[in-house]
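What follows is a short report on a single structure.
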Amino acid sequence: MSLLLIAQNRDLHSLKKQLLELDSNLDVDIWPKVEHKDRITFAVAWNHPKDIFSNYPNLNAISSLGAGVNHLLNDEGISKNIKLARLITPSLKSEMAEYVLNAVLAYRHHTTRYTDQKREAYWSKHSIIPKAQCAVGIMGLGEMGQSVAKLLIKNDYLVNGWSLSKKSIKGITSFTENQISDFLSETNILVCLLPLTRQTQGILDLELFKKLKSPSCLINAGRGQHLVEEDLIYAIDTGALSSAWLDVFEEEPLPANHLFWNRPKIMITPHVAAVTDSKEAAQQILENYKRSLSGMDLINEVSRENGY
Ligand code: NDP
Ligand code: OXD
(Lines give C-alpha, C1' and ligand atoms only; values in the text may rest on other atoms or scores of the structure.)
(Ligands and ions follow the chains in the order given, each with its own letter.)
Protein backbone atom coordinates (compact mmCIF):
# COMPACT_ATOMS: atom_id res chain seq x y z
CA MET A 1 0.00 0.00 0.00
CA SER A 2 1.35 3.44 -0.90
CA LEU A 3 0.53 7.06 -0.48
CA LEU A 4 0.74 9.43 -3.43
CA LEU A 5 1.48 13.15 -3.12
CA ILE A 6 0.46 15.05 -6.19
CA ALA A 7 0.66 18.79 -6.87
CA GLN A 8 1.81 20.85 -9.80
CA ASN A 9 4.17 23.75 -9.01
CA ARG A 10 4.59 22.80 -5.35
CA ASP A 11 7.51 21.09 -3.64
CA LEU A 12 6.19 18.12 -1.68
CA HIS A 13 9.48 16.81 -0.26
CA SER A 14 9.01 18.45 3.12
CA LEU A 15 5.55 16.86 3.45
CA LYS A 16 7.03 13.46 2.52
CA LYS A 17 9.76 13.96 5.15
CA GLN A 18 7.19 14.84 7.81
CA LEU A 19 5.12 11.76 6.96
CA LEU A 20 8.16 9.50 7.18
CA GLU A 21 9.16 11.04 10.50
CA LEU A 22 5.76 10.04 11.85
CA ASP A 23 5.96 6.54 10.38
CA SER A 24 9.16 5.33 8.77
CA ASN A 25 7.39 2.27 7.31
CA LEU A 26 5.23 4.37 5.02
CA ASP A 27 5.65 4.05 1.30
CA VAL A 28 5.27 7.60 -0.12
CA ASP A 29 5.56 8.54 -3.80
CA ILE A 30 5.70 12.05 -5.21
CA TRP A 31 4.04 12.41 -8.61
CA PRO A 32 5.11 12.01 -11.38
CA LYS A 33 7.66 9.45 -10.10
CA VAL A 34 5.35 6.54 -9.31
CA GLU A 35 6.70 3.03 -9.81
CA HIS A 36 3.72 0.86 -8.86
CA LYS A 37 0.47 2.62 -9.62
CA ASP A 38 -1.54 -0.35 -8.42
CA ARG A 39 -0.10 0.03 -4.90
CA ILE A 40 -1.50 3.55 -4.43
CA THR A 41 -4.56 3.56 -2.16
CA PHE A 42 -4.48 7.11 -0.82
CA ALA A 43 -3.59 10.40 -2.53
CA VAL A 44 -3.00 13.95 -1.36
CA ALA A 45 -3.73 16.43 -4.13
CA TRP A 46 -3.46 20.12 -4.96
CA ASN A 47 -3.77 21.61 -8.42
CA HIS A 48 -3.55 18.12 -9.95
CA PRO A 49 -3.73 17.40 -13.70
CA LYS A 50 -7.31 16.57 -14.70
CA ASP A 51 -8.34 12.91 -14.99
CA ILE A 52 -5.07 11.68 -13.53
CA PHE A 53 -6.70 9.58 -10.83
CA SER A 54 -8.15 7.01 -13.25
CA ASN A 55 -4.54 5.74 -13.55
CA TYR A 56 -4.67 4.43 -9.98
CA PRO A 57 -6.99 1.40 -9.90
CA ASN A 58 -6.83 0.79 -6.12
CA LEU A 59 -7.24 4.37 -4.93
CA ASN A 60 -9.89 4.61 -2.24
CA ALA A 61 -9.42 8.10 -0.73
CA ILE A 62 -8.05 11.52 -1.68
CA SER A 63 -7.24 14.36 0.68
CA SER A 64 -6.98 17.93 -0.52
CA LEU A 65 -3.72 19.57 0.52
CA GLY A 66 -5.78 22.56 1.67
CA ALA A 67 -9.19 23.44 3.06
CA GLY A 68 -10.79 23.88 -0.35
CA VAL A 69 -11.98 20.84 -2.29
CA ASN A 70 -13.49 22.37 -5.41
CA HIS A 71 -10.53 21.02 -7.44
CA LEU A 72 -11.48 17.48 -6.40
CA LEU A 73 -15.27 17.84 -6.61
CA ASN A 74 -14.99 19.34 -10.11
CA ASP A 75 -12.89 16.48 -11.44
CA GLU A 76 -15.36 14.11 -13.07
CA GLY A 77 -12.60 11.54 -13.48
CA ILE A 78 -12.69 10.84 -9.71
CA SER A 79 -15.00 7.90 -9.08
CA LYS A 80 -17.84 8.56 -6.61
CA ASN A 81 -16.63 5.56 -4.55
CA ILE A 82 -13.47 7.42 -3.63
CA LYS A 83 -13.75 9.22 -0.30
CA LEU A 84 -12.68 12.85 -0.23
CA ALA A 85 -11.31 14.83 2.71
CA ARG A 86 -9.86 18.27 3.30
CA LEU A 87 -7.19 19.56 5.64
CA ILE A 88 -8.17 21.85 8.47
CA THR A 89 -5.31 22.74 10.77
CA PRO A 90 -5.00 25.21 13.66
CA SER A 91 -2.47 27.36 11.82
CA LEU A 92 -4.63 27.51 8.68
CA LYS A 93 -7.45 28.97 10.79
CA SER A 94 -5.28 31.44 12.71
CA GLU A 95 -3.45 32.60 9.58
CA MET A 96 -6.75 33.27 7.84
CA ALA A 97 -8.02 35.22 10.84
CA GLU A 98 -4.88 37.36 10.89
CA TYR A 99 -4.99 37.84 7.13
CA VAL A 100 -8.51 39.26 7.29
CA LEU A 101 -7.80 41.38 10.38
CA ASN A 102 -4.78 42.82 8.57
CA ALA A 103 -6.93 43.67 5.54
CA VAL A 104 -9.56 45.30 7.77
CA LEU A 105 -6.91 47.37 9.56
CA ALA A 106 -5.31 48.36 6.26
CA TYR A 107 -8.72 49.55 5.02
CA ARG A 108 -9.40 51.59 8.17
CA HIS A 109 -5.93 53.11 8.28
CA HIS A 110 -5.44 53.63 4.49
CA THR A 111 -2.27 51.54 4.46
CA THR A 112 -2.19 50.92 0.70
CA ARG A 113 -2.85 54.61 0.00
CA TYR A 114 0.08 55.64 2.20
CA THR A 115 2.28 53.04 0.47
CA ASP A 116 1.41 54.65 -2.87
CA GLN A 117 2.02 58.14 -1.44
CA LYS A 118 5.46 57.13 -0.19
CA ARG A 119 6.39 56.05 -3.70
CA GLU A 120 5.39 59.54 -4.92
CA ALA A 121 6.96 61.36 -1.91
CA TYR A 122 3.51 62.84 -1.33
CA TRP A 123 2.43 63.98 2.19
CA SER A 124 -1.36 63.83 2.68
CA LYS A 125 -3.44 62.77 5.69
CA HIS A 126 -6.65 60.68 5.61
CA SER A 127 -9.04 60.22 8.52
CA ILE A 128 -9.13 56.77 10.07
CA ILE A 129 -12.46 55.16 9.15
CA PRO A 130 -14.46 54.94 12.40
CA LYS A 131 -15.21 51.46 13.71
CA ALA A 132 -18.90 52.31 13.53
CA GLN A 133 -18.48 52.35 9.73
CA CYS A 134 -16.60 49.07 9.72
CA ALA A 135 -19.29 46.47 10.40
CA VAL A 136 -17.84 43.23 9.02
CA GLY A 137 -20.07 40.71 7.25
CA ILE A 138 -18.59 37.25 6.73
CA MET A 139 -20.08 35.11 3.97
CA GLY A 140 -19.45 31.53 5.10
CA LEU A 141 -19.23 30.80 8.81
CA GLY A 142 -17.35 27.52 8.52
CA GLU A 143 -13.87 26.68 9.77
CA MET A 144 -12.25 29.80 8.29
CA GLY A 145 -15.19 32.18 8.72
CA GLN A 146 -15.65 31.38 12.42
CA SER A 147 -11.96 31.75 13.13
CA VAL A 148 -11.98 35.17 11.43
CA ALA A 149 -15.16 36.19 13.25
CA LYS A 150 -13.71 35.35 16.67
CA LEU A 151 -10.54 37.39 16.13
CA LEU A 152 -12.53 40.38 14.84
CA ILE A 153 -14.84 40.23 17.85
CA LYS A 154 -11.80 40.19 20.14
CA ASN A 155 -10.74 43.38 18.37
CA ASP A 156 -14.13 44.98 19.04
CA TYR A 157 -15.53 44.85 15.51
CA LEU A 158 -19.22 44.41 14.89
CA VAL A 159 -19.50 41.05 13.11
CA ASN A 160 -22.35 39.58 11.04
CA GLY A 161 -22.22 36.16 9.44
CA TRP A 162 -24.13 34.51 6.61
CA SER A 163 -24.33 30.74 6.21
CA LEU A 164 -26.78 28.03 5.22
CA SER A 165 -27.55 27.04 8.81
CA LYS A 166 -28.10 29.46 11.67
CA LYS A 167 -25.14 29.81 14.03
CA SER A 168 -25.12 30.65 17.66
CA ILE A 169 -21.72 32.23 18.27
CA LYS A 170 -21.23 34.80 21.01
CA GLY A 171 -21.00 38.27 19.57
CA ILE A 172 -22.05 37.38 16.01
CA THR A 173 -25.36 38.17 14.38
CA SER A 174 -26.10 35.12 12.27
CA PHE A 175 -28.09 35.41 9.03
CA THR A 176 -29.18 32.44 6.93
CA GLU A 177 -29.62 31.87 3.20
CA ASN A 178 -32.80 33.89 2.51
CA GLN A 179 -31.72 36.75 4.79
CA ILE A 180 -28.92 37.84 2.49
CA SER A 181 -30.37 41.32 1.81
CA ASP A 182 -30.65 42.04 5.55
CA PHE A 183 -27.12 40.72 6.06
CA LEU A 184 -25.70 42.95 3.32
CA SER A 185 -27.56 46.05 4.49
CA GLU A 186 -25.84 45.65 7.90
CA THR A 187 -22.36 45.19 6.37
CA ASN A 188 -19.62 47.66 5.39
CA ILE A 189 -16.70 45.26 5.02
CA LEU A 190 -17.73 42.13 3.14
CA VAL A 191 -15.50 39.08 3.64
CA CYS A 192 -16.02 36.09 1.36
CA LEU A 193 -15.09 32.75 2.90
CA LEU A 194 -17.61 30.57 1.11
CA PRO A 195 -16.79 27.27 -0.52
CA LEU A 196 -16.98 27.28 -4.31
CA THR A 197 -20.22 25.51 -5.27
CA ARG A 198 -22.84 25.83 -8.00
CA GLN A 199 -24.77 28.18 -5.68
CA THR A 200 -21.86 30.41 -4.71
CA GLN A 201 -20.07 30.76 -8.06
CA GLY A 202 -20.33 34.39 -9.23
CA ILE A 203 -22.10 35.45 -6.03
CA LEU A 204 -19.95 38.58 -5.63
CA ASP A 205 -21.56 40.71 -8.33
CA LEU A 206 -22.67 44.29 -8.80
CA GLU A 207 -26.21 43.68 -7.52
CA LEU A 208 -24.76 42.34 -4.29
CA PHE A 209 -22.23 45.18 -3.90
CA LYS A 210 -25.04 47.72 -4.28
CA LYS A 211 -26.85 46.25 -1.27
CA LEU A 212 -23.94 46.88 1.11
CA LYS A 213 -24.02 49.66 3.66
CA SER A 214 -21.87 52.61 2.55
CA PRO A 215 -18.89 53.02 2.77
CA SER A 216 -18.10 49.48 1.74
CA CYS A 217 -15.23 47.30 0.70
CA LEU A 218 -14.64 43.68 -0.27
CA ILE A 219 -12.16 41.11 1.03
CA ASN A 220 -12.14 37.87 -0.97
CA ALA A 221 -10.10 34.96 0.35
CA GLY A 222 -12.55 32.23 -0.74
CA ARG A 223 -12.13 31.44 -4.42
CA GLY A 224 -11.63 33.63 -7.48
CA GLN A 225 -14.73 32.19 -9.14
CA HIS A 226 -16.93 33.71 -6.41
CA LEU A 227 -16.25 37.11 -7.94
CA VAL A 228 -17.57 38.55 -11.20
CA GLU A 229 -14.35 40.36 -12.04
CA GLU A 230 -15.79 42.96 -14.45
CA ASP A 231 -18.45 43.86 -11.85
CA LEU A 232 -15.73 44.56 -9.31
CA ILE A 233 -13.93 46.87 -11.71
CA TYR A 234 -17.19 48.70 -12.43
CA ALA A 235 -18.02 48.94 -8.70
CA ILE A 236 -14.56 50.31 -7.86
CA ASP A 237 -14.50 52.75 -10.78
CA THR A 238 -17.98 54.12 -9.98
CA GLY A 239 -17.38 54.27 -6.22
CA ALA A 240 -20.00 51.62 -5.35
CA LEU A 241 -17.13 49.93 -3.49
CA SER A 242 -14.33 52.01 -2.05
CA SER A 243 -11.70 49.26 -2.29
CA ALA A 244 -11.07 45.55 -2.56
CA TRP A 245 -8.50 43.20 -1.07
CA LEU A 246 -8.15 39.98 -3.05
CA ASP A 247 -6.20 36.79 -2.40
CA VAL A 248 -7.83 34.49 -4.95
CA PHE A 249 -8.48 34.87 -8.68
CA GLU A 250 -10.28 33.21 -11.54
CA GLU A 251 -6.91 32.56 -13.14
CA GLU A 252 -3.86 32.00 -10.91
CA PRO A 253 -1.21 33.30 -11.21
CA LEU A 254 -3.09 36.50 -12.11
CA PRO A 255 -1.97 37.33 -15.69
CA ALA A 256 0.44 40.28 -15.94
CA ASN A 257 -1.97 42.18 -18.22
CA HIS A 258 -4.98 41.79 -15.91
CA LEU A 259 -6.89 45.01 -15.22
CA PHE A 260 -6.72 44.48 -11.45
CA TRP A 261 -2.97 45.20 -11.38
CA ASN A 262 -3.46 48.83 -12.44
CA ARG A 263 -6.22 49.68 -9.98
CA PRO A 264 -4.70 51.35 -6.86
CA LYS A 265 -7.89 50.55 -4.94
CA ILE A 266 -7.50 46.82 -5.52
CA MET A 267 -4.94 45.11 -3.30
CA ILE A 268 -3.60 41.80 -4.56
CA THR A 269 -1.96 38.97 -2.63
CA PRO A 270 -0.95 35.77 -4.46
CA HIS A 271 -3.21 33.16 -2.74
CA VAL A 272 -1.32 33.23 0.54
CA ALA A 273 -4.00 34.09 3.10
CA ALA A 274 -3.49 30.77 4.87
CA VAL A 275 -0.97 28.17 3.80
CA THR A 276 -1.01 24.52 4.88
CA ASP A 277 1.79 23.67 7.28
CA SER A 278 3.49 20.36 6.35
CA LYS A 279 3.95 19.20 9.93
CA GLU A 280 0.30 19.72 10.88
CA ALA A 281 -0.84 18.36 7.53
CA ALA A 282 1.21 15.18 7.89
CA GLN A 283 -0.53 14.21 11.13
CA GLN A 284 -3.98 14.54 9.60
CA ILE A 285 -2.97 12.80 6.37
CA LEU A 286 -1.49 9.85 8.25
CA GLU A 287 -4.61 9.52 10.41
CA ASN A 288 -6.83 9.56 7.32
CA TYR A 289 -4.58 7.12 5.49
CA LYS A 290 -4.94 4.65 8.37
CA ARG A 291 -8.68 5.25 8.53
CA SER A 292 -9.04 4.65 4.81
CA LEU A 293 -7.19 1.33 5.10
CA SER A 294 -9.67 0.12 7.68
CA GLY A 295 -12.73 1.53 5.86
CA MET A 296 -13.50 4.11 8.54
CA ASP A 297 -14.96 7.59 7.92
CA LEU A 298 -12.24 10.19 7.34
CA ILE A 299 -11.50 13.27 9.44
CA ASN A 300 -12.93 16.33 7.67
CA GLU A 301 -14.62 14.12 5.10
CA VAL A 302 -16.30 16.10 2.34
CA SER A 303 -19.99 15.74 1.57
CA ARG A 304 -20.45 15.23 -2.18
CA GLU A 305 -24.15 15.92 -1.63
CA ASN A 306 -23.53 19.38 -0.12
CA GLY A 307 -20.74 20.14 -2.59
CA TYR A 308 -18.31 21.31 0.11
P1 NDP B 1 -16.36 25.35 5.36
O2 NDP B 1 -16.88 24.26 4.49
O3 NDP B 1 -15.85 25.00 6.71
O4 NDP B 1 -17.48 26.47 5.57
C5 NDP B 1 -18.28 26.89 4.53
C6 NDP B 1 -19.31 27.88 5.07
O7 NDP B 1 -20.06 28.41 3.98
C8 NDP B 1 -20.32 27.23 6.01
O9 NDP B 1 -20.66 28.12 7.04
C10 NDP B 1 -21.54 26.99 5.10
O11 NDP B 1 -22.78 27.02 5.78
C12 NDP B 1 -21.46 28.22 4.21
N13 NDP B 1 -22.12 28.01 2.92
C14 NDP B 1 -21.90 27.03 2.01
N15 NDP B 1 -22.73 27.20 0.94
C16 NDP B 1 -23.47 28.30 1.20
C17 NDP B 1 -24.49 28.98 0.49
N18 NDP B 1 -24.92 28.55 -0.72
N19 NDP B 1 -25.03 30.06 1.06
C20 NDP B 1 -24.63 30.50 2.28
N21 NDP B 1 -23.64 29.90 3.00
C22 NDP B 1 -23.08 28.82 2.46
O23 NDP B 1 -15.23 26.09 4.50
P24 NDP B 1 -13.86 26.72 5.04
O25 NDP B 1 -14.19 27.70 6.09
O26 NDP B 1 -12.89 25.65 5.36
O27 NDP B 1 -13.31 27.47 3.73
C28 NDP B 1 -13.94 28.62 3.24
C29 NDP B 1 -13.31 29.07 1.93
O30 NDP B 1 -11.98 29.54 2.16
C31 NDP B 1 -13.18 28.00 0.86
O32 NDP B 1 -13.51 28.54 -0.40
C33 NDP B 1 -11.70 27.65 0.88
O34 NDP B 1 -11.31 27.12 -0.34
C35 NDP B 1 -11.11 29.01 1.16
N36 NDP B 1 -9.75 29.00 1.71
C37 NDP B 1 -8.85 29.88 1.17
C38 NDP B 1 -7.57 29.95 1.65
C39 NDP B 1 -6.63 30.96 1.11
O40 NDP B 1 -5.42 30.90 1.40
N41 NDP B 1 -7.09 31.93 0.34
C42 NDP B 1 -7.11 29.05 2.72
C43 NDP B 1 -8.15 28.20 3.27
C44 NDP B 1 -9.43 28.19 2.75
P45 NDP B 1 -23.11 25.92 6.94
O46 NDP B 1 -22.25 26.30 8.11
O47 NDP B 1 -24.53 26.13 7.21
O48 NDP B 1 -22.74 24.60 6.35
C1 OXD C 1 -7.05 26.25 0.77
C2 OXD C 1 -6.35 27.30 0.07
O3 OXD C 1 -8.17 25.93 0.35
O4 OXD C 1 -5.14 27.49 0.29
O5 OXD C 1 -6.52 25.73 1.75
O6 OXD C 1 -6.95 28.02 -0.72
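Keep in mind that the numbers below use all heavy atoms, side chains included, and drop hydrogens, waters and symmetry copies. Note that ligands are numbered from 1 as they come in the structure, with each ligand's atoms numbered from 1 the same way.
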Run Val191 and Val136 through side chain to side chain contact (heavy atoms under 4.5 Å, CB included) and show every step you take.
CA-CA 7 Å; Val191 179; Val136 182; 3.7 Å; yes
Step-by-step side chain to side chain contact (heavy atoms under 4.5 Å, CB included) determination, Val69 to Leu84:
CA-CA 8 Å; Val69 278; Leu84 303 178; 5.6 Å; no
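For atom 44 (C) of ligand 1, the nearest protein heavy atom (residue, atom name, distance) is Ala67 CB, 3.7 Å. Protein heavy atom nearest atom 5 (C) of ligand 1, with residue, atom name and distance: Pro195 CD, 3.5 Å. Remark: minimum distance from atom 8 (C) of ligand 1 to any protein heavy atom is reached at Gly142 N, 3.7 Å. The nearest protein atom to atom 16 (C) of ligand 1, hydrogens excluded, is given as Leu164 CG, 3.5 Å; this is a heavy-atom distance. What sits closest to atom 5 (O) of ligand 2 on the protein, heavy atoms only, is Ala67 N, 2.7 Å. Protein heavy atom closest to atom 38 (C) of ligand 1, with residue, atom name and distance, is Met96 CE, 3.4 Å. Distance from atom 19 (N) of ligand 1 to its nearest protein heavy atom, with residue and atom name: Trp162 CH2, 3.3 Å. Looking at atom 13 (N) of ligand 1, its nearest protein heavy atom turns out to be Leu194 CD2, 3.8 Å. Of all protein heavy atoms, the one lying nearest to atom 46 (O) of ligand 1 is Lys167 NZ, 2.5 Å.
For atom 36 (N) of ligand 1, the candidate residues are Ala221, Ser303, Gly68; the nearest heavy-atom contact is made by Ala221. In this structure, of Val275, Val272, Asp247, Leu246, the residue bringing a heavy atom nearest to atom 41 (N) of ligand 1 is Asp247. Across the listed options Val248, Thr200, Leu196, Asn306, Thr200 owns the non-hydrogen atom lying nearest to atom 18 (N) of ligand 1. The closest heavy-atom contact to atom 9 (O) of ligand 1, among the options Thr276, Leu141, Thr269, comes from Leu141. Ranked by closest heavy atom to atom 26 (O) of ligand 1, the top entry among Arg86, Met144, Glu143 is Arg86.
Looking at ligand 2, you'll find an N or O of His271 within less than 3.5 Å of one of its N or O atoms. The shortest N/O to N/O separation between Glu177 and ligand 1 does not fall below 3.5 Å. Ligand 1 has no N or O atom lying under 3.5 Å from any N or O atom of Gln199, backbone or side chain. Considering backbone and side-chain atoms alike, Ser163 places every N or O at 3.5 Å or more from each N or O of ligand 1. In terms of polar-atom proximity, defined here as any N/O pair under 3.5 Å, Asn70 makes no such contact with ligand 1. Note: no N/O pair closer than 3.5 Å links His226 and ligand 1 by distance alone. Residue Leu193 has no N or O atom closer than 3.5 Å to an N or O atom of ligand 1. Remark: ligand 1 and Tyr308 share an N or O pair separated by less than 3.5 Å (distance only, no angle test). Remark: ligand 1 and Ile88 share no N or O pair separated by less than 3.5 Å (distance only, no angle test).
Taking every heavy atom of both residues into account, Asp182 and Phe175 meet most closely at CB-CE2, 3.8 Å. Across all their heavy atoms, Asp205 and Val228 have their closest contact at CB-CG2, 3.8 Å.
Aromatic ring orientation, His110 versus His126: tilted (interplanar angle from 30° to 60°).
Just one residue in the list Trp31, Tyr56, Phe53 forms a ring-ring contact (aromatic ring centres under 6.0 Å, His included) with His48, and that residue is Phe53.
Judged by distance alone, the side chains of Lys16 and Ser14 never bring a donor and an acceptor atom under 3.5 Å apart. A donor and an acceptor atom, one from each side chain of Ser278 and Gln18, are nowhere located under 3.5 Å apart.
Aromatic ring centroids of His109 and Tyr114 lie 6.0 Å or more apart.
Each of the following atoms of ligand 2 lies closer than 4.0 Å to a heavy atom of Ala274: 4 (O). The atoms of ligand 2 that sit less than 4.0 Å from any heavy atom of Gly68 are 1 (C), 3 (O), 5 (O). Proximity to Trp46 (heavy-atom distance under 4.0 Å) selects the following atoms of ligand 2: 1 (C), 2 (C), 3 (O), 4 (O), 6 (O).
Counting heavy atoms closer than 4.0 Å to ligand 2, residue Arg223 contributes side-chain atoms (C-beta onward) but none from N, CA, C or O.
With hydrogens and angles ignored, the 3.5 Å screen pairs no side-chain donor or acceptor of Asn300 with any backbone N or O of Leu87.
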